[in-house]
K.L.:
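There's a structure below that I have some questions on.
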Amino acid sequence: QAGETVTLLGDATGAGVVINKDITIDFGGFTYTVNQAVGSEGTKTLGFQILKNNNVTLKNGTLTSTAAVEGSKEIKMLIQNYADLTLTDMNLVDNTDHILYALSNNSGTSNINGATSITTDAVAFDVYDYTAGGYALPTVNVNTTGKITGAIEVSESISNNLNISGGLF
């Protein structure tokens with residue numbers, strides 16, 4: 001239900017998740033491994049797809065992916081975000097060679113808080129101007145004690161929409 005908290009009770013592996021409601025997912029210190037991509041028709045290459053006009057919190061755990069399962073496209077983005085997203089004490093871990101973005105921010109405000117870390121050889125996160133798609137400009141606020149490993153991409157037109165006040169890079 002919208003507004004509720006879903007709590008993982010142990011490590012789990014499963015399909016990606018499309019989120020279209022206000023919700024909190026408390027990983028409870030556990031790891032969720034995505035093994036099947038989700039997304040819009042023709043672009044099912046996402047681990048989590050967070051749709052616009054929602055407030056979503058992911059906290060207290062690890063999100064990662066495996067190689068694509070038979071019949072599924074590779075996961076290219078661990079999280080694609082169009083909403084207001086808060087990551088608190090999370091680890092986004094790319095342990096494959098097919099992720100292009102650990103966290104792609106296309107609209108809404110993303111807050112990277114607590115001890116959140118992002119680990120990838122690709123793009124850790126972006127701040128992407130997707131207004132041509134009818135979306136509002138995204139803003140990313142980073143105030144973590146965690147470590148961000150990977151590239152950071154910011155659309156030149158919105159460089160002021162990235163605010164960093166903490167973290168190791």
K.L.:
State, yes or no, whether a side-chain contact exists between F48 and L92 at a heavy-atom distance under 4.5 Å.
P.N.:
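Sidechains of L92 and F48: no contact.
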K.L.:
If you look only at distance, which donor and acceptor atoms sit under 3.5 Å apart when one is on a side chain in residues 109-116 and the other is two or more places apart or in another chain?
P.N.:
| unit_1 | atom_1 | unit_2 | atom_2 | d |
| --- | --- | --- | --- | --- |
| S110 | OG | N81 | ND2 | 3.0 |
| S110 | OG | N105 | OD1 | 2.5 |
| N111 | OD1 | N141 | ND2 | 2.9 |
| T116 | OG1 | L87 | O | 3.2 |
| T116 | OG1 | D89 | N | 3.0 |
| T116 | OG1 | M90 | N | 3.2 |
| T116 | OG1 | N113 | O | 2.7 |

K.L.:
Please find the pair of heavy atoms, one from S65 and one from H98, that lie closest to each other, and give the distance.
P.N.:
OG-CE1, 4.2 Å
K.L.:
I'd like to know if the side chain of N54 reaches the main chain of K52, judged simply by a donor and an acceptor atom lying under 3.5 Å from each other, with no hydrogens or angles considered.
P.N.:
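Between the backbone of K52 and the side chain of N54 there is a qualifying donor-acceptor contact (under 3.5 Å).
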K.L.:
Apart from Y128 itself, what residues make up its hydrophobic cluster when side-chain heavy atoms of I, L, V, M, F, W and Y under 4.5 Å apart count as a link, directly or indirectly?
P.N.:
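Its cluster mates, by chain and number, are Y82, Y130, Y135.
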K.L.:
Report yes if some heavy atom in the side chain of I79 is under 4.5 Å from a heavy atom in the side chain of L58; otherwise report no.
P.N.:
yes
K.L.:
Search all heavy atoms of K147 against all heavy atoms of S117 and return the closest pair with its distance.
P.N.:
N-OG, 3.0 Å
K.L.:
Does some side-chain heavy atom of F125 sit less than 4.5 Å from a side-chain heavy atom of V142?
P.N.:
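They are in contact (side-chain heavy atoms under 4.5 Å apart), so the answer is yes.
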K.L.:
Answer with yes or no whether the hydrophobic clustering places V56 together with I25; edges join I, L, V, M, F, W, Y residues whose side-chain heavy atoms lie under 4.5 Å apart.
P.N.:
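Yes, it is one cluster - the side chains of V56 and I25 are joined through contacts under 4.5 Å.
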K.L.:
For E74 and T45, what are the C-alpha separation, side-chain angles and deciding distance, and is it a side-chain contact (heavy atoms from CB on, under 4.5 Å)?
P.N.:
CA-CA 6 Å; E74 290 182 338; T45 58; over 6 Å; no
K.L.:
Shared ILVMFWY cluster between F27 and I23, side chains joined below 4.5 angstrom?
P.N.:
yes
K.L.:
Can you name the closest pair of heavy atoms from A124 and I148 and give their distance?
P.N.:
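Closest approach of A124 to I148, heavy atoms only: CB-CG2, 3.6 Å.
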K.L.:
Can S40 and Q49 be counted as having a side-chain donor-acceptor contact under 3.5 angstrom?
P.N.:
yes
K.L.:
If I take atom CG from residue D22 and atom CD from residue E4, how far apart are they, to the nearest 0.5 angstrom?
P.N.:
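Those atoms lie 12.0 Å apart.
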K.L.:
Measuring only between side-chain heavy atoms, which start at C-beta, is L137 closer than 4.5 Å to T131?
P.N.:
yes
K.L.:
Let me confirm one number: the CZ-OG1 distance from F169 to T144, rounded to the nearest 0.5 Å.
P.N.:
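If I round to the nearest 0.5 Å, the distance is 8.0 Å.
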K.L.:
Within a strict 4.5 Å, meaning less than it, do heavy atoms of the T139 and V127 side chains meet?
P.N.:
no
K.L.:
Measure across F30 and L8 and return the closest heavy-atom pair with its distance rounded to 0.1 Å.
P.N.:
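Smallest interatomic distance, heavy atoms only, reads CD1-O, 3.7 Å.
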K.L.:
Roughly how far, to the nearest 0.5 Å, is the CG atom of N91 from the OG1 atom of T64?
P.N.:
10.0 Å
K.L.:
Hey, could you give me the CD1/CD distance between I50 and Q80, rounded to the nearest 0.5 Å?
P.N.:
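Between I50 CD1 and Q80 CD, I get 9.5 Å after rounding to 0.5 Å.
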K.L.:
So, T62 side chain and T31 main chain: donor-acceptor pair closer than 3.5 Å or not?
P.N.:
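No.
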K.L.:
Got a sec: does the CG of N163 have more than 12 other heavy atoms crowding it under 6.0 Å?
P.N.:
yes
K.L.:
Which distance, rounded to the nearest 0.5 Å, do you find between the CG of L51 and the OG of S107?
P.N.:
11.0 Å
K.L.:
Ignoring hydrogens, what is the shortest heavy-atom contact between G47 and V38? Give both atom names and the distance.
P.N.:
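That would be O-CG2, 3.6 Å.
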K.L.:
Tell me, do I158 and P138 make a side-chain contact under 4.5 Å, heavy atoms counted?
P.N.:
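I158 vs P138: side chains touch.
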K.L.:
Is T120 reaching over with its side chain to a backbone N or O of D94, donor-acceptor style, under 3.5 angstrom?
P.N.:
no
K.L.:
Do M77 and L100 have side chains that get closer than 4.5 Å, going by heavy atoms?
P.N.:
no
K.L.:
Could you tell me which non-hydrogen atom of I152 sits nearest to which non-hydrogen atom of L162, and how far apart they are?
P.N.:
CG2-CD2, 4.1 Å
K.L.:
Within the structure provided, determine whether L103 and V140 are in side-chain contact (heavy-atom separation under 4.5 Å).
P.N.:
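No; the side chains remain at least 4.5 Å from each other.
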K.L.:
What distance separates Q1 CD from K21 NZ, expressed to the nearest 0.5 Å?
P.N.:
6.0 Å
